[in-house]
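Protein chains get the first letters and strands the later ones, always in sequence-line order, with residue 1 at the start of each. Bear in mind that the values here come from a model prediction, so they are computed numbers and not experimental data.
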Amino acid sequence: MAIGKKDIEKIAYLARINISQEESKKLENKLIGIMSLIDKMQEVNTDNIEPMAHALDVSQPLREDEVIESDLRKNILPLAPETEECLFIVPQVIE
Amino acid sequence: MDWDIVIGIETHIQLKTKSKQFSGASAAYGNEPNSQACLVSLAYPGVLPVLNHESVNCAIKLGLAINAKIASRSIFARKNYFYPDLPKGYQISQMELPIVGPGHLSINVNGKSKSVRILRAHLEEDAGKSSHGISQGKTGIDLNRAGTPLLEIVTEPDMNSAEEAVAYAKKLHELVQWIGICDGNMQEGSFRCDVNVSVKKKGAEVLGTRREIKNLNSFKFIKQAVDYEVNWQIETLEDGGKIEQATILFNPDTGETKAMRSKEEANDYRYFPDPDLLPLLVSQEKINEIKQSMPKLPDEMQELFEKELGLSEYDASEITANSDVTKYFLELVDSKANPKLSANWILGNLYSRLNEEEININQSPIDSSSLAALIKRIEDSTISNNAAKKVFDFIWDKSDITVDEAIDELGLKQISDSGEIDTLVDEVLKNNQPMIEEYLSGKEKAFNALIGQIMKASKGKANPSQVSELLKQKISK
Amino acid sequence: MLNLSIQSLSSHLEKKTFSSVELTQFYLERIKQYNPSLNAFISIDEAKSLSMAANADELITKGQKSALTGIPVAQKDIFCSQGWPTTCGSKMLKNFIAPYDAMVIEKFNEVGAVNIGKTNMDEFAMGSSNETSYFGPVKNPWDLDLVPGGSSGGSASAIAARLAPAATGTDTGGSIRQPASLCGFTGLKPTYGLVSRYGMIAFASSLDQAGPMAISAEDCALLMNVMSGHDKRDSTSIQRDKENYASKLNSPIKGLKIGIPREFFGEGLDSSVHNVIDSAIDEYKKLGAEIIEISLPNNHLAIPVYYVIAPAEASSNLSRYDGVRYGYRTKEYDDLMDMYFKTRQEGFGEEVKRRILIGTYVLSAGYYDAYYLKAQKIRRLISEDFTSAFKKCDVIMGPSAPSVAFNAGEKKEDPLAMYMQDIYTISTNLAGLPAMSIPAGFVSNLPVGLQLIGNHFSEAKLLNIAHSFQQNTDWHLESAKGFE
C-alpha cells in the first residue's frame with residue numbers, strides 16, 4: 001500500500017495545502033518512509049478487538065441549556081484578516 | 001413505459017433550545033451578524049465543545065414519537081471539509097451509532113395510510129451563513145447560526161410519489177412541533193428537507209441512481225421539485241441517457257432542478273470519532289422520565305377521538321393534524337360542547353374563515369369558549385344550525401359580543417314554544433289543502449314543502465324537528 | 001538562589017527577604033542575559049510580568065498567600081493567555097493575541113503566580129528537538145550545539161538554565177518527559193483528563209495533556225496542585241475530588257514493587273544511558289524497593305500507532321487555520337481555493353504539513369480501516385499491556401529517552417530517527433497513564449532521565465517515589481555550566 005504521487009495530490013487537495021514542485025519529491029520520500037513505519041501495524045492480528053478512541057472509559061458530560069456568552073465582536077473582529085459590516089470576508093464563493 | 005418513483009427524505013430540524021449545540025452562545029434567529037459568535041462558534045484555538053443537555057432530550061423525544069430505539073450509547077464524529085462558513089473545518093455529527101435508531105411514521109395519502117420507515121436520527125450542528133456579493137467578488141461570513149443544534153432525520157426510500165413525500169414532510173413537521181422540539185418555522189430554515197429521488201422500471205428490484213435535491217424549505221417546493229425531477233429523470237432514461245449521482249438545487253423561480261457544480265467526487269469527509277467528545281450514554285430511567293413528560297402523540301389522540309368521542313376517522317385525523325387545532329378542539333370538549341358538532345364546526349365554518357383570511361387557529365377572533373357557547377345553543381335548540389352560521393359570522397366581525405347577545409341582536413332565537421308552533425302549523429295546513437292531499441296520495445316531497453312553508457311563516461325561527469313532528473301528527477289524524 | 005525550591009522561594013516571599021517584584025526582576029534579568037543564546041522564550045512582557053508580581057506582593061501583604069503566589073512561571077506558548085501573543089510556535093499564529101485565558105493560565109492567575117513569559121516550542125507541539133518552531137530552534141543549556149528535546153523545548157531550556165523556577169509543558173507523545181530527560185530536570189505528564197485542555201491549543205486531542213516542569217518532584221507537586229482539577233468547558237476533563245499532591249511526599253517506599261519492562265532495554269537504547277538507568281534502579285533497591293521483570297509486548301507498536309492517531313486528529317484539529325477569522329492569511333490570492341492553499345502552505349512548517357498529510361491519508365476513504373481503525377485496536381492492546389503489568393507492580397521504570405541530547409540538525413531531515421526519540425514515552429499517552437522523568441545521572445556531562453510510569457491517577461504516588469530518590473541523590477540539583 002505504498003503512498004504515491006497521486007495519493008499525495010489527493011490528500012494535499014483535501015487538506016488544502018499547496019505543494020510546490022521542489023517540495024514534492026522530498027515530501028514523497030519522507031511520506032513513504034513514515035508510511036512504511038506505520039505499516040508495521042499490519043503484522044498484528046486485531047480481529048475481535050474493540051477500537052479504543054479514548055484513554056479513559058468515561059461518558060460524556062452535558063451542559064445546561066443556558067446562554068452564557070455575550071457579543072464578542074469588539075474583541076474578535078480586529079483579529080480577522082478582513083471584515084466588512086461585521087462579516088468575515090473571503091473571496092466570493094462560487095456555487 | 002411505466003416507472004416506479006422512489007423517494008427518501010433527510011430532514012434537518014433546528015432544535016428549540018436557548019443555546020447552541022456545543023456552547024453557551026444564543027441560538028436565536030435574526031440578530032446582528034456575528035453577535036452570537038462565541039469563541040467555540042468561531043473555532044478559536046484551544047476551545048472545546050460541550051454538548052447541550054436539552055438537545056439530547058429533544059432527540060429522545062423524537063425517538064419516542066416515532067417508536068424508535070434510543071441508543072444507550074452513541075458516538076459523535078467529525079465530518080471534515082473546508083468551507084468558509086464551517087469554522088472548524090469539520091462538522092460535529094454522528095455517523096456510526098446515532099442517538100435514535102430505526103423507527104417509523106405513518107402517513108395518509110388519498111385515504112390510504114402507509115408507514116414510512118425512519119432509518120435513524122442524529123444530532124449535529126448547523127453551519128454559518130454566507131452572503132455572496134457583499135461587495136464585488138466577495139463573500140461575507142456570519143457565524144451566528146454556526147453551531148445551532150440540529151437533528152437530522154433520515155427515512156428509508158419508502159415514498160413513491162411527490163404527494164407521499166409532501167405528506168411525510170407535513171406529518172413530520174407537525175410532529176416535531178407537537179412534541180415541542182422545533183418551532184417549525186420553514187422560512188427561517190428551522191425545518192429543511194433534502195429529498196433523494198430515483199426512478200426505476202416498474203417492478204424492477206434494483207433501485208435507480210438517485211439525485212439529492214438539497215434544502216427544500218416549503219411543501220410546495222418539495223412537490224414542484226420532485227415532480228420536475230421525476231419527469232427529468234424519466235425523460236433522460238427514455239432518451240437513452242444515464243443518471244449520474246448528484247447533488248442538485250431547486251430553483252423556485254423557474255421550477256427547475258439543476259446539478260451543483262460537481263465537486264462531489266473530490267469530497268472525502270474522513271469521518272472519525274471526535275476525540276473531544278466522549279461516548280454519550282442515555283439511561284432507561286432518563287428515557288422513561290422523558291416519556292412521562294411528553295404529550296399524547298397525534299396518532300394516539302386520533303384513536304382516542306375515534307373511540308371515546310365517536311369522531312369519524314377522517315375528522316379525527318384532520319383535528320389531530322395540528323397541535324393547536326387539537327388544543328382548540330379539546331377546549332370545546334372540555335366546555336361540554338358536543339364533540340361531533342365541535343369537529344364539524346372547526347373543520348367547516350371555522351376552517352373556511354381562517355383560510356379566507358389566511359390566519360391560523362391561534363389568531364381566530366372566535367376563541368374556543370365562544371364557539372363552545374354557540375354549539376351549546378344549537379344543542380339546546382335555542383337556535384337552528386342555519387341561524388348559528390349567521391351568529392358565527394356576526395361575532396367573527398364583532399369580537400366584543402357574546403353569543404347570546406348576538407342571538408338576541410339578530411333576533412334568531414328559535415321558537416320552541418309548542419303552542420306557538422301549533423298555531424303556525426294550523427295556519428299553514430288551512431291554506432294548503434291540495435298539498436296535504438298530494439302527500440296523502442304518496443308524494444313525500446309535499447311534506448317537505450309544507451315544512452318549508454311553516455318555517456317561512458316563522459321567519460326561520462321555528463324548531464324544525466318540532467315542526468316536523470307536529471306536522472306528521474296533524475296530517476295523519 | 002537558583003536551586004531554591006518553590007517552597008523556599010515562597011517562604012522568602014512571605015518573610016519579605018525579597019518581594020515578588022524583585023524575584024521577577026531577577027529572572028527577567030537572567031532571561032535578558034541568556035535568552036539570546038538559548039531562544040527559550042517567544043515572548044517576554046516585562047511590564048505585564050512586573051504588574052502581576054506587584055499584585056502578588058499585595059496579596060502577600062494582605063496575608064492571602066498560597067504556595068505559588070508571587071512565583072514566576074514560564075508558560076509554554078501553547079496556552080492561550082489573554083493579552084499575550086499565543087503562537088504555538090507557528091507562523092500561522094505569529095500575530096495572534098489570545099482574547100481569553102486557558103484553564104491552566106486561569107488557575108495560575110487565580111493563585112497570584114507570575115507569568116514570566118511564553119516559551120518556545122515545536123510548531124503545534126510537533127517535534128522532539130524544538131527545531132520546527134517558526135521562531136527558531138531552542139538550544140540546550142548543557143551544550144548549545146545540542147537540542148533541548150521537544151516539543152516543550154523552550155520550557156525545558158528555561159528550567160535547565162534557571163531562567164524560571166517553574167514552567168508548564170504539554171505532552172502528547174513525550175513532549176514533557178523527553179526534554180526533561182535531555183535537559184536534566186523533573187517533569188510530569190499527568191493522567192489524561194486531570195488537567196483541563198481548555199485553551200491549550202490542540203495537537204492530538206485524545207493524547208494531549210498539560211503538566212508541570214521544574215527542578216524537583218516536590219516543586220512539580222505544588223504546580224500540580226494548581227493546574228489540576230475538573231473543568232466543565234472540557235468534556236474530557238475528569239470529575240474527581242481534588243488531591244493535595246504534596247501531602248504524600250515523604251511516605252516510605254520500602255516494599256515498592258518496581259516493574260522493569262524488558263522492551264525498554266533492548267536495541268536502540270544507548271548503552272551508557274542503560275548504565276545510568278541501572279544505577280538509578282539500584283538506588284531504589286537500596287531504598288527497599290523490589291524489582292520485578294515485566295513485559296509490555298506491544299510497546300514496539302506504539303510509534304506506528306501514534307503516527308496514525310496523532311496525525312489523524314491533528315489533520316482535523318488544524319483545519320481551523322484557514323485565514324478566515326484570525327491568524328495568517330497569504331498576501332495574494334486569486335480566489336477562495338487559492339487563498340486556502342497558499343495560506344496553509346505558507347502558514348505551516350514542513351513537519352506540521354507532513355503530519356497533516358499523513359493524518360488526512362490514514363482517514364481517507366479506503367484507508368480508514370487499514371490505518372485509523374487498526375491503530376485504535378492496537379491502542380487497546382498497548383493499554384491492556386499496562387493493565388496486566390500493574391497487576392504485578394506499583395510503578396514501571398525505564399529510560400525516558402533512548403539517548404542523551406543530540407546535535408542540532410542531526411535528525412532534522414530524518415523524521416523516522418526523530419520519531420524514535422519517543423519510543424519509551426508514547427505508549428503511556430496512548431494508555432492515558434501518568435508518567436514522570438527525573439534526573440538520574442550523566443553521560444559525558446549530559447543529563448539522563450529516569451522514567452516512572454504509574455497507573456491512572458497515581459500522580460501523588462509517583463511524585464512520592466520521585467521525591468524519595470531526590471532526597472537521596474543530587475542529580476536534580478546539578479545545573480548547566482555557564483548559567484550559574
Side-chain angles (χ1 to χ4, degrees), chain A residues 1 3-19 31 35 38 41 46 49-95, chain B residues 17-20 22-28 32-42 44 50-57 73 75-76 80-85 89 130-143 249 260-261 266-268 270 272-273 275 277-281:
Chain A
M1 273 196 266
I3 189 167
K5 213 176 156 67
K6 265 230 141 70
D7 298 306
I8 296 173
E9 274 169 24
K10 184 188 141 198
I11 57 181
Y13 172 78
L14 288 173
R16 301 291 187 269
I17 294 175
N18 204 29
I19 294 163
L31 294 187
M35 289 313 298
I38 289 172
M41 294 193 313
T46 50
I49 293 167
E50 183 72 14
M52 178 171 166
H54 299 282
L56 294 171
D57 188 18
V58 279
S59 70
Q60 180 162 192
L62 298 172
R63 182 175 59 74
E64 282 311 307
D65 181 25
E66 293 165 345
V67 176
I68 53 165
E69 300 288 348
S70 48
D71 188 348
L72 296 178
R73 288 179 295 178
K74 254 197 337 218
N75 302 326
I76 52 107
L77 290 173
L79 288 169
E82 191 181 350
T83 60
E84 213 176 296
E85 293 166 21
C86 293
L87 296 165
F88 298 104
I89 299 298
V90 296
Q92 175 114 36
V93 180
I94 308 146
E95 299 220 15
Chain B
T17 60
K18 297 195 222 37
S19 63
K20 291 187 178 177
F22 296 106
S23 77
S26 166
E32 279 182 55
N34 288 312
S35 59
Q36 287 156 206
C38 66
L39 296 177
V40 172
S41 320
L42 289 158
Y44 256 56
V50 185
L51 181 59
N52 191 334
H53 193 192
E54 190 52 34
S55 305
V56 175
N57 291 353
R73 180 172 178 275
I75 300 289
F76 286 88
N80 295 283
Y81 65 97
F82 281 87
Y83 204 81
D85 64 17
S130 304
S131 17
H132 305 303
I134 261 292
S135 46
Q136 187 63 33
K138 287 176 177 177
T139 291
I141 308 293
D142 170 12
L143 297 174
L249 292 175
M260 286 169 81
R261 197 180 281 233
N267 258 342
D268 176 346
R270 288 157 286 136
F272 74 106
L277 294 164
L278 300 159
L280 172 64
L281 303 189

task = Output the option from Gly89(B), Pro33(B), Ser26(B) having the highest count of non-hydrogen pairs under 4.5 Å with chain A.
result =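 Heavy-atom pair counts peak at Pro33(B).
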ask   = With chain A, which of Ser55(B), Gly140(B), Ala27(B), Ser35(B) has the greatest number of heavy-atom pairs at distances under 4.5 Å?
value =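 Option with the greatest count: Ser35(B).
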Quick check on [X] against chain A: is it the side chain, the backbone, both or neither that has a heavy atom closer than 4.5 Å?
| X | value |
| --- | --- |
| Val56(B) | side chain |
| Tyr44(B) | side chain |
| Arg270(B) | side chain |
| Tyr81(B) | neither |
| Ile75(B) | neither |
| Ser131(B) | side chain |

Presence of salt bridge, Arg73(A) and Glu32(B), under 4.0 angstrom =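 A salt bridge is present here (some side-chain N lies under 4.0 Å from a carboxylate O).
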query = If you tally heavy-atom pairs under 4.5 Å against chain B, which of Ile68(A), Asn75(A), Thr83(A) wins?
reply =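 Answer, by heavy-atom pair count under 4.5 Å with chain B: Ile68(A).
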message = Heavy-atom pairs under 4.5 Å with chain B - which of Val58(A), Leu77(A), Asp57(A), Leu56(A) has more of them than the others?
response =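 Ranked by heavy-atom pairs under 4.5 Å with chain B, first place is Val58(A).
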message = Quick one, Asp65(A) with Ser19(B), criterion side-chain hydrogen bond (donor to acceptor under 3.5 Å, both in side chains). Give me CA distance, side-chain angles, the key distance, then yes/no.
response = CA-CA 6 Å; Asp65(A) 181 25; Ser19(B) 63; 2.6 Å; yes
ask   = Can Gln92(A) and Lys138(B) be said to form a side chain to side chain contact (heavy atoms under 4.5 Å, CB included), step by step?
value = CA-CA 4 Å; Gln92(A) 175 114 36; Lys138(B) 287 176 177 177; 5.8 Å; no
I need the minimum non-hydrogen distance between [X] and [Y], along with the two atoms involved.
| X | Y | value |
| --- | --- | --- |
| Leu278(B) | Pro61(A) | CD1-CD, 4.4 Å |
| Leu277(B) | His54(A) | O-NE2, 3.1 Å |
| Asn34(B) | Leu87(A) | ND2-CA, 3.7 Å |
| Val67(A) | Ala25(B) | CG1-C, 4.3 Å |

May I ask you to test the [X]-[Y] pair for a side-chain heavy-atom distance under 4.5 Å?
| X | Y | result |
| --- | --- | --- |
| Phe88(A) | Leu42(B) | yes |
| Thr139(B) | Ile89(A) | no |
| Leu39(B) | Glu69(A) | no |
| Arg63(A) | Phe22(B) | no |
| Val93(A) | Pro84(B) | yes |

query = Under a 4.5 Å heavy-atom cut-off, does chain B meet the side chain of Glu66(A), its backbone, both or neither?
reply =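 Backbone only.
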inquiry  = Evaluate Glu54(B) against Leu62(A) for side chain to side chain contact (heavy atoms under 4.5 Å, CB included), listing each step before the verdict.
reply    = CA-CA 9 Å; Glu54(B) 190 52 34; Leu62(A) 298 172; over 6 Å; no
